[in-house]
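Read through the structure below, which is laid out as C-alpha cells, and then see the notes.
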Amino acid sequence: MVNLKELSKRPELLSGGHRLCSGCGAGIIARQVMMAAADRPVVVANATGCLEVSTTIYPFSAWKAPWFHSAFENAAASCSGIEAAYKALKRTGKVNKDIRFITFGGDGGTYDIGFQSLSGAMERRHRMLYVCYNNEAYMNTGIQRSSATPLGAYASTSPVGKVKKGKEQIKKDLTKVMVAHNIPYVAQSAVGYWNDLITKTQKALDIDGPTFINVLQPCRLGWGYNPADTAVIGRMAVETCFWPIYEVVDGKYKINVKPKEKKPIEEYLKPQSRFKHLLRPENAGIVAEIQKNIDENWAWLLMMEECTNR
Amino acid sequence: MADIKIEKKKGWKDLPACDYLEAGSAAAFETGDWRSERPVWIPENCIQCLFCWVYCPDSAVVVKDSLMAGFNYKHCKGCGICAVECPGKKGKKAIVMEAEKK
Amino acid sequence: MSEKKNLKAKTGNEAMAEAMRQINPDVVAAYPITPATEIVQIFSQFVADGVVNTEFVAVESEHSALSACIGASAAGARAMTGTSSQGLALMYEMMYIAAGLRLPIVIAEVNRALSAPINIHGDQSDTMGARDSGFLQIYCENSQEAYDSMIQAVRICEHPDVLLPATVSTDGFIISHCMEAIELLPDEKVKEFVGTYKPKNWLLDVDHPFTLGAIDLQDYYFEHKRQEIEAMRKATKVIKEIGKEFGQKFGRSYDMIETYKLEDAEAAIVVLGSTAGTAKVVIEEMRKQGKKVGMLKLRVFRPFPFDDIREALKDVKIVGVMDRHDGYNGYVAPVCSEVRSCLYELDKKPKIASYVYGLGGRDITLEMITEIYEELLSGKTDNNAKYIGVRE
Ligand code: SF4
Ligand code: SF4
C-alpha cells in the first residue's frame, strides 16, 4: 500500500508548465510513475508523441530527471543503449550509483511503429521498465487509428461515414504479446487507479530484468469527454472489464481489480464521443460484438489466473 | 530563470547547443492562462487525502509538509480533475470549480 | 618510429575490427549485413573472450543499432557500430539525429550498392545517400587507411569543436574482404592516442540531470542547425591536426585529400576509396610514356575540403571526377557536382568531366582509367556524365 503522505515528500520529477492538454491522462501517468520512481536515481527515455513534445518544448523542459528522446520508433532501443552504457560504465567505475531506466511510449510508439524495437529490447532482457501510455490512437498527429484503437471507435483514419462505422478491426492485445516474451513482469493499469500504478511501478523497478506496464490513458481530446472525468473514464473501463487491471509475475496471472458487478459496456461508451455512433440502433450489432469480446477476454483472464496459480 | 521567456533570443554563437536543456525549466512557463475555470480550495471540507495532488496532470496542487496547501495557479489549467476526485467531508467537496474572471 | 613494424595480413573488415578492439569502446550495438558482417562478428568474439570491456548489444535491426549507440553515447559511453548498404539506409533517420544531438559515434562502414535490384557488392551509393546527414565521411583506399582512420575518427568526432559522428568507409569486398599486410600499432599506443571519452553532459551523471532531444521549433531549430554546420566546418582543421599528429607518432600522416603527381599534371582525376590505388598504377604507367597525369584522392568528403581541392587543381587544365554513385539526372554525378562548384571560384577554371563507374561492384580496370585519362588529355569530353564499364 502506497502512502500518499510519504510519497508527497519525494521530489516532484515532472514540473508543471508543460503543454499537455488540460486534463490529460498522460500527464497523470507520467507523474504517478515518476512519483513511484523518485526514491532512486532514474533516467527516462521517451518515444516521440504527445508526452514528449508537450513536456520538452525548447527551451522549456518539465523533466527534472535525466531525460532523453531521439525518435518515434526506437525508444526501447535507445533505452537499451543507455542501459548498456550503464553496465559498461559501472564496470569501468565511471558510474557507481544504482540507476534505473524508464521508457515512455504512446500506443503508436509501442504497439505499432516501435513494436520491433520494444520486442528486441525485451528479448535482450535489458533492465528497463517500459510504460505504454495507451490512449488508443495516434493523438499527437490528430487522432488517427492505431492497432490499439478498439473496435468501432471513431478515429480520423477510421472515420464514421455512410458505409463505415469507425474502426472495423479489434485491437491488438499487446499485453499478451509482452507476456509471450517471458519477461519477469507484465501488467495492465489504468488512469484512475493511482495506487495500482504506483505499486506496479515500484514493483517493476525492483525487478532485475525487463518489465512492461500498459496503462490505459483516457484522452479528453481524442475520446471526447469532459476533461474533469479523465480518472472517472479510466475507472469505467475497468468496471466494465473493457480494460482489466492485472499483472503477470513470472508467468503467474493476478487480476488486481475485480469489479463486484461487471457493468454493461454501454456505460463506458456513452460519455465518449468516439463511440457516439455506436449507440444508434443500427449499430447495436457492433456493441454486442464488443461486449462479447469483453466477456470472452474476461473469462479467459479468470481462467489464466486460476490455472497459473494452481 | 523566470525571465527566460522575455529574454532576447540568442544567436547561434551564444545559444547553448541543443545537446543540453536545463532540467525542469518548464516551471518558468505559464499555462495558467489556459483556464476558463479555476479550482478553489475550501480547507474546512478537506480531509487531507491528497487525491487532488496525486491526480493533477499539471503538478499544480501545492503540498507542504504532506498537507494540501492550495493551488499553483501559474500552472493549473483548470481541468477540474481535482474537484471530481476530491471526496471532501461528509459529502461536501473541498474543491469547487469557479468561472475564471477575465 | 624506432619500434619494429608489426606487419599482419588483414582484410579490411579484420583491420577495422582490430582497431575497434584497441579503441575498446564502452558500447557496440550492431546488426550483421554483408559485406560488413565480419566486423561485428569478430568484435563479438573479442567480447566473448573478454579482451575488451565493451557492452555488446546484438540488436534486432540497424535502426536499433544506431538508436542504441545514440542512447549509449548520450548516456556517456563511447559507442560504435558497423554496417553497410541497406543497413546504413535503415540508419539514415538516426544518422541525422546522432549528428543533430552532437553525439560522436563512429560507424565502421563498408560501401555496398543500394537495392533495388539487390546487390551485395561495392559502390558508394549508401554513404552518398547520407551525404547531408551531418556525419563526417572518411573514405579509405585500403585496409591500412581503414585501420588508421578508425583510430583517428574517435579523436576527431570527440573533439570539443566537432562533436559529430562519422562513417569510416571501405569499398565492399574490394577492401573489406581483401587480405593485405598492414601495420598494427601496439595496444597501449592506440589507447593513449584515443584517450578516454569525457562528455560535458551525460545522462548517467544523475546528479546533474538535463534534457536531451527536446522539440525545437521555429525559434531555435535554425540556430542549432547553424551550430552543427559550424562544427562540420571546424572539423576540417581538426581532421588535419589529428592526421598530422598520427603521422608524427606513427609515421603515416593523413589529410583531407591526398594528391598524386598533381604538381605538373595536365589532366587529373578525382577519386574516392580503393580506385585511388588502381589509378596510381595507371599514372605510373602513363607517366613513363611522358603523359602528365595526376590524381586527387578525396579522403574526406564531409566536411568537403573545397579550399584544398581548389588549391590542388588550380593549375590543371582538365579534371575528370569519378563517382561510384549516380545523381539520377543531376547535371553531373554528386562528387563531380561539388568539385565543379568549388572550382567555379577559380579565375582560370579547369575543364571538368563527370564519370560514373563501378555501380553494383562492376570492376574498374587499369584500361578504363587509362581511357579516361586519354579522353581528358584529348580534351574531347562530354558535358554530361559518362558511364564507364556499362554495356551499351
Ligand atoms: S484544475 Fe486540473 S490542473 Fe488545476 S489543480 Fe485541479 S487537477 Fe490540476
Ligand atoms: S482531494 Fe479534496 S479532500 Fe483530498 S486533499 Fe485534496 S482538497 Fe483535500
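Side chains included, hydrogens not; waters and symmetry mates left out as well; all remaining heavy atoms used. Chain letters run A, B, ... following the sequence lines, proteins first, then strands; residues in each count from 1.
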Answer with yes or no whether the side chains of A:N135 and A:Q217 bring together a donor and an acceptor at under 3.5 Å. yes
On the 0 to 90° scale, with breaks at 30° and 60°, tag the A:F104-A:W63 ring pair as parallel, tilted or perpendicular. tilted
When you measure from the side chain of B:S25 to the backbone of A:S61, do you find a donor-acceptor pair of N or O atoms at a distance under 3.5 Å? yes
Distance-only side-chain donor-acceptor flag, A:Y225 / A:S273, under 3.5 Å: no
Please identify, among B:A23, B:P57, B:C76, the residue contributing the most non-hydrogen atom pairs under 4.5 Å to chain A. B:P57
With A:R235 as the cation and A:W243 as the aromatic partner, state whether NZ or CZ is under 6.0 Å from the six-membered ring centre and within 45° of the axis. no
Residue by residue, scan residues 5-26 of chain A and write down, ordered by number, those that have a heavy-atom distance under 4.5 Å to chain B; if none do, write 'none'. A:K5, A:L7, A:S8, A:K9, A:E12, A:L14, A:S15, A:G16, A:G17, A:H18, A:R19, A:L20, A:C21, A:S22, A:G23, A:C24
Spell out, as yes or no, whether a donor-acceptor pair under 3.5 Å connects the side chain of A:Q202 to the backbone of A:T199. no
Using non-hydrogen atoms and a 4.5 Å limit, figure out which bit of B:E37 sits close to chain A: side chain, backbone, both or neither. neither
Top of B:C82, B:A83, B:S59, B:A60 for chain A proximity - count of heavy-atom pairs under 4.5 angstrom: B:S59
Among B:V84, B:N72, B:L67, B:V54, the residue with the most heavy-atom pairs under 4.5 Å to chain A is B:V54
For the residue pair A:F242 and A:F275, does the interplanar ring angle fall in the parallel (under 30°), tilted (30 to 60°) or perpendicular (over 60°) class? perpendicular
Would you check if A:I233 and A:W223 make a side-chain contact, meaning some heavy-atom pair closer than 4.5 Å? yes
Quick one: what part of B:C56 sits under 4.5 Å from any heavy atom of chain A, side chain, backbone, both or neither? both
Cationic tip of B:R35 within the cone over B:Y73's six-membered ring, i.e. under 6.0 Å and within 45° of the normal? no
Below 4.5 Å from any heavy atom of chain A, which atoms of B:V63 appear? Answer side chain, backbone, both or neither. side chain
